[in-house]
S.K.: 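Supplied in structure tokens, the structure appears directly below.
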Amino acid sequence: MTTHFYTATSLDGFIATREHSLDWLLKQDFDESGPMAYPGFIEGIGALAMGATTYEWVMRHEDGAWGYPQPTWVFTHRDLDVPEGSDVRLTRADVRDVHAAMTAAADGKDLWIVGGGDLAGQFADAGLLDEVWLQYAPVTLGDGAPVLPRSLDLELVAVARNRAFMCGRYRVVRPE
Ligand SMILES: NC(=O)c1ccc[n+]([C@@H]2O[C@H](COP(=O)([O-])OP(=O)(O)OC[C@H]3O[C@@H](n4cnc5c(N)ncnc54)[C@H](OP(=O)(O)O)[C@@H]3O)[C@@H](O)[C@H]2O)c1
């Protein structure tokens, strides 16, 4: 079982603008059946975790139709609305406890930390992040939500081009 942080990023390391816009990303050309694309990735995922801002972005952009059948933990200190029929679990528990619950629910499949970057960092701090997959969009933003605001060593294990994107898959190197 592997815990992944899979996300698109600007060349200068931001996953959203300061105003939480993804317009710079959604306008890019990407082949959904190409290398390191989302459909192949999500097939192997049994449980998800995301922060409240990411959850609110997804909710705003899906018109109330929740797109993830997998159990999803949303980290928040607030009592956010949860879409009917979804398996969304609001939590403020320790990432270690949530990771254990995700592993139990994932039925042998992998885990996806959707974002933001600090939440992925919280899992890394606990030694629970195994892989980082980055799709680099050909833009710079200058400012915004950072991709992974931690000091980590990573090993590049795969690289590909998917139309406009340069894609890298990295293994998190844990300290000895
Ligand atoms: N480029 C991409 O592919 C991509 C991927 C994912 C996300 N994004 C975007 O990136 C941005 C990320 O936003 P963000 O940096 O604000 O990160 P975020 O992780 O989405 O949200 C941060 C919020 O999550 C809650 N949170 C985080 N850790 C917590 C913990 N341990 N316990 C309880 N609550 C916790 C807090 O919410 P409260 O305390 O307010 O409840 C915190 O303010 C969003 O705009 C998102 O749409 C882009």
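Heavy-atom basis, side chains included; hydrogens, waters and symmetry copies ignored. Counting starts at 1 for both ligands and their atoms, in listed order.
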S.K.: With a 4.0 Å cut-off on heavy atoms, is Arg78 in contact with ligand 1?
M.R.: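 The answer is yes: ligand 1 sits under 4.0 Å from a heavy atom of Arg78.
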S.K.: I would like to know whether Val132 and Leu154 meet side-chain contact (heavy atoms from CB on, under 4.5 Å); could you show each step before the answer?
M.R.: CA-CA 8 Å; Val132 179; Leu154 304 167; 4.2 Å; yes
S.K.: Considering only non-hydrogen protein atoms, determine which one is nearest to atom 22 (C) of ligand 1 and report residue, atom name and distance to 0.1 Å.
M.R.: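 Going atom by atom, the protein heavy atom closest to atom 22 (C) of ligand 1 ends up being Thr53 OG1, 3.5 Å.
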S.K.: Should Trp73 and Met1 be regarded as members of a common hydrophobic cluster, given that ILVMFWY residues are connected when their side-chain heavy atoms come within less than 4.5 Å of each other, either directly or indirectly?
M.R.: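 Looking at the clustering, Met1 is in the same group as Trp73.
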S.K.: Show your working on ring pair (Phe, Tyr, Trp, His ring centres under 6.0 Å) between Tyr55 and Trp66 and close with a plain yes or no.
M.R.: CA-CA 10 Å; Tyr55 175 69; Trp66 183 248; 5.6 Å; yes
S.K.: N/O of Trp57 under 3.5 Å from N/O of ligand 1, yes or no?
M.R.: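 No; the residue has no nitrogen or oxygen that sits under 3.5 Å from a nitrogen or oxygen of the ligand.
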S.K.: Indicate, with yes or no, if the rings of Phe30 and Phe165 have centres closer together than 6.0 Å.
M.R.: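 Aromatic pair counts; centres sit under 6.0 Å.
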S.K.: For atom 28 (N) of ligand 1, find the nearest protein heavy atom and state the residue, atom name and distance (0.1 Å precision).
M.R.: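 For atom 28 (N) of ligand 1, the nearest protein heavy atom comes out as Gln122 NE2, 3.0 Å.
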S.K.: Are any of the N or O atoms of Arg92 closer than 3.5 Å to those of ligand 1?
M.R.: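 Arg92 vs ligand 1: no N/O contact under 3.5 Å.
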S.K.: Between Arg96 and Asp94, does any side-chain N to carboxylate O distance fall below 4.0 Å?
M.R.: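 Salt bridge: yes.
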S.K.: I'd like to know whether ligand 1 has Val114 as a neighbour, heavy-atom separation below 4.0 Å.
M.R.: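 Judged by the 4.0 Å heavy-atom criterion, Val114 does count as contacting ligand 1.
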S.K.: Of the protein's non-hydrogen atoms, which lies at the shortest distance from atom 7 (C) of ligand 1, and what is that distance?
M.R.: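 The protein heavy atom lying closest is Thr54 OG1, 3.3 Å.
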S.K.: Tell me whether the count of non-hydrogen atoms from other residues, nucleotides or ligands lying under 6.0 Å of CG in Asp29 goes above 12.
M.R.: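 Counting other residues, nucleotides and ligands, CG of Asp29 exceeds 12 neighbours.
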S.K.: Which atoms of ligand 1 have any heavy atom of Phe75 under 4.0 Å away?
M.R.: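 Heavy-atom distances to Phe75 below 4.0 Å select 24 (O), 25 (C), 26 (N), 29 (C), 30 (C), 31 (N), 32 (N), 34 (N), 35 (C).
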S.K.: Run the salt bridge (Lys or Arg N to Asp or Glu O under 4.0 Å) test on Arg163 and Glu32 for me, step by step, so that the C-alpha distance in whole Å, both residues' side-chain angles and the decisive distance to 0.1 Å come before the verdict.
M.R.: CA-CA 10 Å; Arg163 295 195 181 153; Glu32 289 291 348; over 6 Å; no
S.K.: Purely on distance, is any nitrogen or oxygen of Thr7 under 3.5 Å from one on ligand 1?
M.R.: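 Yes; the residue has a nitrogen or oxygen that sits under 3.5 Å from a nitrogen or oxygen of the ligand.
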S.K.: Does the distance from a Lys or Arg side-chain N to an Asp or Glu carboxylate O, for Arg174 and Asp153, drop under 4.0 Å?
M.R.: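 Asp153 and Arg174: not salt-bridged.
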S.K.: Looking at atom 20 (O) of ligand 1, would you say a protein heavy atom lies below 4.0 Å from it?
M.R.: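 Yes; the ligand atom in question has protein heavy-atom contact below 4.0 Å.
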S.K.: Would you check the N or O atoms of Ala16, main chain and side chain alike, for any that come under 3.5 Å of an N or O of ligand 1?
M.R.: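 In fact, backbone or side chain, Ala16 has no N or O that close.
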S.K.: Looking only at protein heavy atoms, identify the closest one to atom 23 (C) of ligand 1 and say how far it is in Å.
M.R.: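 Going atom by atom, the protein heavy atom closest to atom 23 (C) of ligand 1 ends up being Ala52 N, 3.7 Å.
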S.K.: Salt bridge check: are Glu155 and Arg171 linked by an N-O gap of less than 4.0 Å?
M.R.: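 Salt bridge between Glu155 and Arg171, a charged N being under 4.0 Å from a carboxylate O: yes.
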S.K.: Note the single closest protein heavy atom to atom 34 (N) of ligand 1, along with its residue, its atom name and the distance in Å.
M.R.: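 Its nearest protein heavy-atom neighbour is Thr76 N, 3.2 Å.
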S.K.: What protein heavy atom is closest to atom 45 (O) of ligand 1, reported as residue, atom name and distance in Å?
M.R.: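 Of every protein heavy atom, His20 ND1, 2.7 Å lies nearest to atom 45 (O) of ligand 1.
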S.K.: Report the distance from atom CG of Leu129 to atom CZ of Phe5, rounding to the nearest 0.5 Å.
M.R.: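 So the gap between those two atoms works out to 8.0 Å.
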S.K.: Which residue and non-hydrogen atom of the protein lie closest to atom 15 (O) of ligand 1, and at what distance in Å?
M.R.: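 Of every protein heavy atom, Ala145 CB, 4.0 Å lies nearest to atom 15 (O) of ligand 1.
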S.K.: Relative to each other, are the rings of His4 and Trp133 parallel, tilted or perpendicular (30° and 60° limits)?
M.R.: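 Ring orientation, 0 to 90° scale: perpendicular.
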S.K.: Going hydrophobic residue to hydrophobic residue with side-chain gaps under 4.5 angstrom, can you get from Met50 over to Tyr6?
M.R.: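 Yes, one cluster joins them.
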S.K.: Quick one: which ligand 1 atoms are inside 4.0 Å of a heavy atom on Gly115?
M.R.: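 In order of number, 19 (O).
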S.K.: Taking only heavy atoms of Leu25, which atoms of ligand 1 are found under 4.0 Å from at least one of them?
M.R.: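 That gives atoms 1 (N), 3 (O) of ligand 1.
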S.K.: Under 3.5 Å between any N/O of Ala93 and any N/O of ligand 1: does that happen in this structure?
M.R.: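 In fact, backbone or side chain, Ala93 has no N or O that close.
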S.K.: Just to confirm my output: which protein heavy-atom neighbour is closest to atom 18 (P) of ligand 1, and how far is it?
M.R.: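 Among all protein heavy atoms, the one nearest atom 18 (P) of ligand 1 is Gly116 N, 3.4 Å.
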S.K.: Applying a strict under-4.5 Å side-chain criterion to I, L, V, M, F, W and Y, I'd like to know whether Leu26 and Val147 cluster together.
M.R.: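 Per the 4.5 Å side-chain linkage, Leu26 and Val147 are not co-clustered.
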S.K.: May I ask you to check if ligand 1 and Thr9 share an N or O to N or O distance below 3.5 Å?
M.R.: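 No; the residue has no nitrogen or oxygen that sits under 3.5 Å from a nitrogen or oxygen of the ligand.
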S.K.: Would you say atom 42 (C) of ligand 1 touches the protein, meaning some protein heavy atom is under 4.0 Å from it?
M.R.: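 Not a single protein heavy atom is under 4.0 Å away.
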S.K.: Does an N or O anywhere in Leu22 fall below 3.5 Å from an N or O of ligand 1?
M.R.: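 In fact, backbone or side chain, Leu22 has no N or O that close.
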